[in-house]
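Have a look at the structure below before the remarks.
Along the sequence shown, residues are numbered consecutively beginning with 1.
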Amino acid sequence: MAENISYEDAVRELQDIVNKLGQGNVTLDESLKLYTRGIELSKLCDDKLKEVEQKFSVIDPATGEEKEEEVK
């Protein structure tokens with residue numbers, strides 16, 4: 001899934017999905033679609049957070065410059 005959506009937009013859409021499912025007034029088919037989309041958005045958010053975490057791990061906090069080796 002190479003969807004071009006910002007983290008913030010993905011979180012907002014995910015919150016909307018949770019609200020709709022929580023209200024309980026959607027059909028079973030729609031619930032399944034919303035759930036599937038929610039899983040996609042959750043993975044997208046997780047991937048974006050990991051990407052940012054990776055970038056932070058290569059910046060030396062003392063100098064603000066990239067480190068030679070990545071810290072895990």
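For Thr27, there are no side-chain hydrogen bond (donor to acceptor under 3.5 Å, both in side chains) partners at least two apart in sequence or on another chain. With sequence neighbours left out, Gln23 forms a side chain to side chain contact (heavy atoms under 4.5 Å, CB included) with Asn25. When the side chain to side chain contact (heavy atoms under 4.5 Å, CB included) test is applied to Tyr7, the partners found at least two apart in sequence or on another chain are Val11, Cys45, Lys48, Leu49. Under the side-chain hydrogen bond (donor to acceptor under 3.5 Å, both in side chains) criterion, Asn19 pairs with no residue, sequence neighbours left out.
Identified under the salt bridge (Lys or Arg N to Asp or Glu O under 4.0 Å) test for residues 16-33, with sequence neighbours left out: none.
Nearest heavy atoms, Leu34 versus Ile17: O-CG2, 3.5 Å. Listed here is the closest heavy atom pair of Ala10 and Leu44: CB-CD2, 3.8 Å.
Taking the charged nitrogens against the carboxylate oxygens, Glu40 and Lys43 have no contact shorter than 4.0 Å, which rules out a salt bridge.
With rounding to the nearest 0.5 angstrom, the CG atom of Asp46 is 9.5 Å from the CD atom of Glu53. Distance check, rounded to the nearest 0.5 Å: CG of Leu41 to CG of Leu14 gives 5.5 Å.
By the 4.5 Å side-chain criterion applied to Ile, Leu, Val, Met, Phe, Trp and Tyr, Val18 is assigned to no cluster and stands alone.
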Is there a side chain to side chain contact (heavy atoms under 4.5 Å, CB included) between Leu28 and Leu32? Walk through the geometry before answering.
CA-CA 6 Å; Leu28 183 59; Leu32 181 58; 6.0 Å; no
